[in-house]
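We name chains A, B, ... by the order of the sequence lines, and we start the count at 1 in each one. Bear in mind the structure is a predicted one, so any value in this text is a computation, not a measurement.
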Protein chains: 2
Amino acid sequence: MRILVLEDDPMLSDGLTSGLSLHGMSVECVSTCSDAVSIFDAAHYSAAILDLMLPDGSGLDVLSHIRARDNTMPVMILTAIDAVADRIAGLDRGADDYMGKPFDLGELAARLRVMIRRAAGRANPIFTWRDLTIALSHRSVTRAGIVLSLSRREFAVLEALIERPGRVLSRSQLEARLYGWNEEIGSNALEVHVHNLRAKIGRDAIETVRGLGYRIREDRA
Amino acid sequence: MRILVLEDDPMLSDGLTSGLSLHGMSVECVSTCSDAVSIFDAAHYSAAILDLMLPDGSGLDVLSHIRARDNTMPVMILTAIDAVADRIAGLDRGADDYMGKPFDLGELAARLRVMIRRAAGRANPIFTWRDLTIALSHRSVTRAGIVLSLSRREFAVLEALIERPGRVLSRSQLEARLYGWNEEIGSNALEVHVHNLRAKIGRDAIETVRGLGYRIREDRA
DNA sequence: GACGACCTATGCGCATCCTCGTTCTCGAAG
DNA sequence: CTTCGAGAACGAGGATGCGCATAGGTCGTC
């Protein structure tokens, strides 16, 4: 099990390295967000531990970077013991777990193992788009940290579109997916759903390609 | 065939440029990893040749960057003749082939062609012309990195022309393709579309062959 | 019965597209 | 080189219909 640690406090990172090694994990440390980003792009790890307060940014940005690349690596964030807002923000951006400092090394190791085991068995892609995160398995969508409640049809539309970002889905394709094959639809129901969906997830997330259909706008931010 | 070369030795990059040009490839050179990364994000190439030892990093990092973006572009890495470890690392990170320095230009060109041909069979067709990229599957067209919005007819014209670059399509051929068989057209609608299309993708992309029709100008840049 | 999810219906705005008239360009003939 | 005609480019106007927004109606659930 290869763990990457993003932590700028040398005392803490040394402790993590030696402590987790005792639990059979091999640990590598970086101390800046930019190092973390480049090493994540380059290599593969079983899990990552991210501190939030770094000299050149927040670990949350690294997390967003990871998830933006469809990397579902388990991520644990370290927060101050009482920083609830940070924890929520972390989970919303796709973190799998958090621990408050100071923490017990044994518990940290155990939680890492749980995360890694769970990750191995899951094919639960968490899509992200701008400030939107969509967890298909939980049928949950959050925007900028707050949970949205989508109706069944709305979620189905979003799910269909987000499976292939940038790909145009025609109205008939979407209807065939929402309704059974010969569960005919006689009106602009789909457009209404798209309309309501846009009101919830943001006007410009879904792009209409006139005469062809809809697609999720690719995020070139 | 548009090739991007990442090489910081000017002697070598000059040689590659002139040598590969003789084999009908158009070559662009960058000498730093950061330049390479930004140009890969902006434009599309048929293949890339990456040196490993660069002033600001390793070509392997560039390779990882490319693959992290789901870009399946064929990549060849250049290594010292006896750097076996580098080759393995390169292939592990998703390179398609490698060559040891010094190399034979003819062989390099041949291997590039093989890579490109192989890649053409697996990828969705993305045509490029100068700073234009056309992804038929996504129905998206970008010019110098920014997305253009083409209307249905405009895209259809462009699609028809770009299927066979350099080939002249007569007006009646294009009309037959845009409109159904007996969906007659009574005027110069096609010319208007060509006109509007030119305004978007660049005046000289589409060449008119007087009395015969239109064609995509072949890129001999 | 209140509520939410869903489908249906309808009017409007606007992008798209065709048409038309004019101007421009090319190329061959004089 | 000049002239001239056909083909091509351009700009503008107007019709069409797609997609949007909104409201009303039905069904199922609590």
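Here D:dT22 is the nucleotide among D:dT22, D:dC20, D:dA8 with the atom lying nearest to any side-chain atom of A:V192. In this structure, the nucleotide among D:dG17, D:dA21, D:dC20 sitting nearest to the side chain of A:E191 is D:dC20. Ranking C:dC26, D:dG11, C:dC6 by closeness to the B:R210 side chain, first place goes to C:dC26. Of the candidates C:dT19, C:dC6, D:dG11, C:dC6 carries the atom nearest the A:H193 side chain, counting heavy atoms from C-beta on. Distances from the side chain of A:Y214 to the nucleotides D:dG19, C:dT19, D:dA9 place D:dG19 closest.
Rounded to a whole Å, the NE2 atom of A:H195 is 11 Å from the C1' atom of D:dG19. Protein atom CG of A:L169 is 14 Å distant from nucleotide atom P of D:dG19, rounded to whole Å. The CD-P distance, from B:E175 to C:dC17, rounds to 15 Å in whole Å. For the pair B:R153 CZ and D:dG17 P, the interatomic distance rounds to 13 Å; values are reported in whole Å. The distance between atom CG of B:L148 and atom P of C:dT16, rounded to the nearest whole Å, is 13 Å. Rounded to whole Å, atom P of C:dA15 lies 14 Å from atom CG of B:N196. Rounded to whole Å, atom C1' of D:dA9 lies 8 Å from atom CZ of B:R198. If you take CG of B:L212 and C1' of C:dC26, they are 13 Å apart, rounded to a whole angstrom.
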Any protein N or O atoms within reach of nucleotides 27-30 of chain D? Criterion: under 3.5 Å, listing atom names and distances.
none

Provide a list of protein-nucleic acid N or O atom pairs under 3.5 angstrom, restricted to nucleotides 10-12 of chain C.
unit_1, atom_1, unit_2, atom_2, d
C:dT10, O4, A:N188, ND2, 3.2

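Taking five base pairs at each end of the helix from C:dG1-D:dC30 to C:dG30-D:dC1, the local helix axes there meet at an angle of 20°, rounded to 10°.
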Full working for side-chain contact (heavy atoms from CB on, under 4.5 Å) between B:V75 and B:V62: CA-CA 10 Å; B:V75 171; B:V62 179; over 6 Å; no
CA sep, side-chain torsions, deciding dist, call: B:L60, B:L50, side-chain contact (heavy atoms from CB on, under 4.5 Å): CA-CA 8 Å; B:L60 291 182; B:L50 305 180; over 6 Å; no
Criterion side-chain contact (heavy atoms from CB on, under 4.5 Å) on B:K200 and B:L150, from CA distance to verdict: CA-CA 8 Å; B:K200 292 181 180 175; B:L150 300 191; 3.5 Å; yes
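The CZ atom of B:R215 sits 12.5 Å away from the CD1 atom of B:I206 when rounded to the nearest 0.5 Å. To the nearest 0.5 angstrom, B:L190 atom CG is 10.0 Å from B:S172 atom OG.
Remark: B:R152 is not in phosphate contact with C:dC18, judged by side-chain N or O atoms under 4.0 Å from OP1 or OP2.
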